[in-house]
Amino acid sequence: MTDLATDAVGGTSRADRDRILRYLQDYGVYLGVAVLLILNIFLTPHFLSAENFRTQAVQVAPVLIVALGMALAIGSEGVDLSVGSVMALSTSLLSLYLGYGTWIALIVALIGGAAIGVANGSLIAFIGVQPIVATLALMVAGRGLALVLLPQLKDVRDPTMASLGSGDVLGIPYLVLIAAALALVVAFVVRRTTFGRQLLAIGDSRPAARLAGLPVRRVLILVYVCSGVLAAIAGVLATARLTASDPTSLGNLMELSAITAVVVGGTPLSGGRIRIGGTVAGAVLIQLLTATLIKHDLPPSWTQIAQAVVIILAVYAARERGKR
């Protein structure tokens with residue numbers, strides 16, 4: 001009788017723990033955003049000002065855009081460590097080709113991101129290189145190529161780029177509108193298109209996807225092309241906001257912020273599932289965390305430590321839930 005009672009209590013305890021872990025994985029990111037907002041409202045001067053919210057929204061836009069591409073890569077049971085270098089490459093190409101016209105420069109910058117994506121996808125899909133290794137190689141090569149093309153900071157003096165970086169519609173900055181539109185597009189692609197369903201099937205089980213006749217190689221290449229193009233867009237928007245091309249620092253550690261946003265948002269590293277809403281909330285959480293630490297005079301290194309802790313907690317919650 002006692003053993004049965006103990007098992008029942010233990011079973012209840014395990015069920016409760018599993019329920020808590022599931023809740024944290026699904027909704028913890030929203031809770032985190034709410035907690036940070038409340039803390040800042042009471043502890044950070046002028047936090048509720050319209051200018052502050054505009055600043056936070058503009059700063060989170062590039063992180064969100066990169067995180068959307070990272071979510072696709074992680075959903076396919078991969079990862080893209082080259083996103084920061086793609087941002088650097090896009091700013092170099094943009095600066096070099098602005099003399100031929102703004103639109104030509106923009107197209108070339110996006111083609112550069114797509115080319116890195118093709119290289120990543122080909123190494124993974126055709127040669128069988130692990131995603132972390134393939135994208136690490138392109139992370140190093142991409143940053144090096146960006147510095148070869150543009151060795152130092154260069155001012156961007158272009159009216160269209162200046163308007164893109166500082167303009168708005170009804171008070172909402174262009175950068176925020178673009179990020180929101182891209183989030184909606186990626187959410188639609190993941191949920192409503194054949195490509196999205198194939199991507200998730202591949203992430204869930206690549207061997208099973210092959211046996212089912214899915215175009216695994218083509219889908220993987222497209223995943224990394226999308227990630228590369230989104231990172232290039234983020235690089236262009238960051239350049240427009242800063243009115244300068246700086247391949248030395250632009251995109252540094254962006255892969256960390258993007259992975260954090262995706263994982264904290266509930267997308268498992270094991271693939272097969274993508275939560276775009278959670279990714280958006282995760283990007284907001286990272287920005288709020290960074291802004292909170294900076295506004296309270298803590299060094300930027302604390303932001304990196306905090307992000308690492310958040311990643312570990314999110315992965316632990318997912319791992320413990322996966323055991324059940």
Side-chain angles (χ1 to χ4, degrees), residues 62-63 65-70 72-74 76 78-100 104-158 161 220-262 300-301 303-304 307-308:
V63 178
I65 294 171
V66 174
L68 293 172
M70 187 67 74
L72 297 178
I74 292 177
S76 68
V79 71
D80 190 352
L81 299 181
S82 66
V83 289
S85 296
V86 171
M87 291 181 67
L89 180 61
S90 69
T91 194
S92 295
L93 291 171
L94 181 72
S95 181
L96 288 175
Y97 282 87
L98 269 178
Y100 297 94
I104 291 178
L106 290 172
I107 292 171
V108 171
L110 298 186
I111 289 174
I116 296 293
V118 170
N120 281 326
S122 298
L123 287 172
I124 295 165
F126 288 100
I127 302 179
V129 180
Q130 290 293 322
I132 192 171
V133 177
T135 58
L136 178 63
L138 269 297
M139 178 181 77
V140 177
R143 180 75 62 176
L145 179 58
L147 291 172
V148 168
L149 295 174
L150 190 68
Q152 58 188 1
L153 184 146
K154 182 179 179 181
D155 290 336
V156 174
R157 304 181 185 278
D158 181 82
M161 293 299 296
L220 287 176
I221 290 175
L222 284 175
V223 163
Y224 286 93
V225 167
C226 289
S227 180
V229 170
L230 287 167
I233 292 173
V236 168
L237 295 180
T239 302
R241 181 170 66 88
L242 299 171
T243 64
S245 293
D246 185 11
T248 303
S249 62
L250 186 65
N252 276 343
L253 297 178
M254 179 59 76
E255 58 278 354
L256 173 62
S257 297
I259 292 172
T260 304
V262 174
S301 56
T303 301
Q304 299 168 21
Q307 288 185 27

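Because the structure is a prediction, the values reported are computed rather than measured. Values reported hereafter were calculated over all heavy atoms of this structure, with side chains retained and with hydrogens, waters and symmetry mates removed. One-based numbering along the sequence shown.
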Peer 1: Do N252 and R143 come close enough that some side-chain heavy atom pair is under 4.5 Å?
Peer 2: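 Result yes, sub-4.5 Å side-chain heavy-atom pair found.
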Peer 1: Calculate, to the nearest 0.5 Å, the distance between atoms CG and CG belonging to L93 and L98 respectively.
Peer 2: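 Going from CG on L93 over to CG on L98, the span is 11.0 Å.
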Peer 1: Mind checking whether I107 and Y97 have side chains closer than 4.5 Å, heavy atoms only?
Peer 2: no
Peer 1: About how many Å separate CG of L72 and CG of L220, when rounded to the nearest 0.5 Å?
Peer 2: 11.5 Å
Peer 1: What residues form a side-chain hydrogen bond (donor to acceptor under 3.5 Å, both in side chains) with N120, not counting sequence neighbours?
Peer 2: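 N120 satisfies side-chain hydrogen bond (donor to acceptor under 3.5 Å, both in side chains) with S82 only.
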Peer 1: Report yes if the side chains of I221 and S122 come closer than 4.5 Å at any heavy-atom pair, otherwise no.
Peer 2: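 When only atoms from C-beta onward are counted, S122 and I221 do touch, with a gap below 4.5 Å.
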Peer 1: Would a 4.5 Å heavy-atom cut-off, applied to side chains only, mark V108 and L94 as touching?
Peer 2: no
Peer 1: For L250 and A88, work out which heavy atoms get closest and say how close.
Peer 2: O-CB, 3.8 Å
Peer 1: For the atom pair CD1 (I116) and OG (S90), what is the distance rounded to the nearest 0.5 Å?
Peer 2: 10.5 Å
Peer 1: Has the side chain of T135 got a donor or acceptor atom that lies under 3.5 Å from a matching backbone atom of D80?
Peer 2: no
Peer 1: Of the non-hydrogen atoms in S257 and V63, which two are nearest, and what is the gap between them?
Peer 2: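 Heavy-atom minimum between the residues: CB-CG1, 4.1 Å.
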Peer 1: Work out which heavy atom in M161 is nearest to a heavy atom in V236; give both atom names and the distance.
Peer 2: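 Residues M161 and V236, closest heavy atoms: CE-O, 3.7 Å.
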Peer 1: Report the distance from atom CG of L153 to atom OG of S249, rounding to the nearest 0.5 Å.
Peer 2: 7.5 Å
Peer 1: For the residue pair M70 and E255, what are the closest heavy atoms and their distance?
Peer 2: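 Looking at all heavy atoms of both residues, the closest pair is CE-O, 4.2 Å.
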Peer 1: Evaluate the criterion side chain to side chain contact (heavy atoms under 4.5 Å, CB included) for residue pair T248 and L147; output intermediate values, then yes/no.
Peer 2: CA-CA 7 Å; T248 303; L147 291 172; 3.6 Å; yes
Peer 1: Is there a donor-acceptor pair closer than 3.5 Å between any side-chain N or O of T91 and the backbone N or O of G235?
Peer 2: no
Peer 1: Of all the heavy-atom pairs spanning Y224 and G121, show the shortest one and how long it is.
Peer 2: CB-N, 3.9 Å
Peer 1: Any side-chain heavy atom of V83 within less than 4.5 Å of one from S227?
Peer 2: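 Yes, at least one pair of side-chain atoms sits under 4.5 Å.
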Peer 1: Of all the heavy-atom pairs spanning S92 and L150, show the shortest one and how long it is.
Peer 2: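 Closest approach of S92 to L150, heavy atoms only: OG-CB, 3.6 Å.
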Peer 1: Does L149 reach the side chain of L89, with side-chain heavy atoms less than 4.5 Å apart?
Peer 2: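 Yes - at least one pair of side-chain heavy atoms lies under 4.5 Å apart.
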Peer 1: Counting distance only, does the side-chain N/O of T243 pair as donor-acceptor with the main-chain N or O of A240 below 3.5 Å?
Peer 2: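 Answer holds: no.
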Peer 1: Indicate yes or no: at least one non-hydrogen side-chain atom of L123 is less than 4.5 angstrom from one of L138.
Peer 2: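 Contact flag for L123/L138 side chains = yes.
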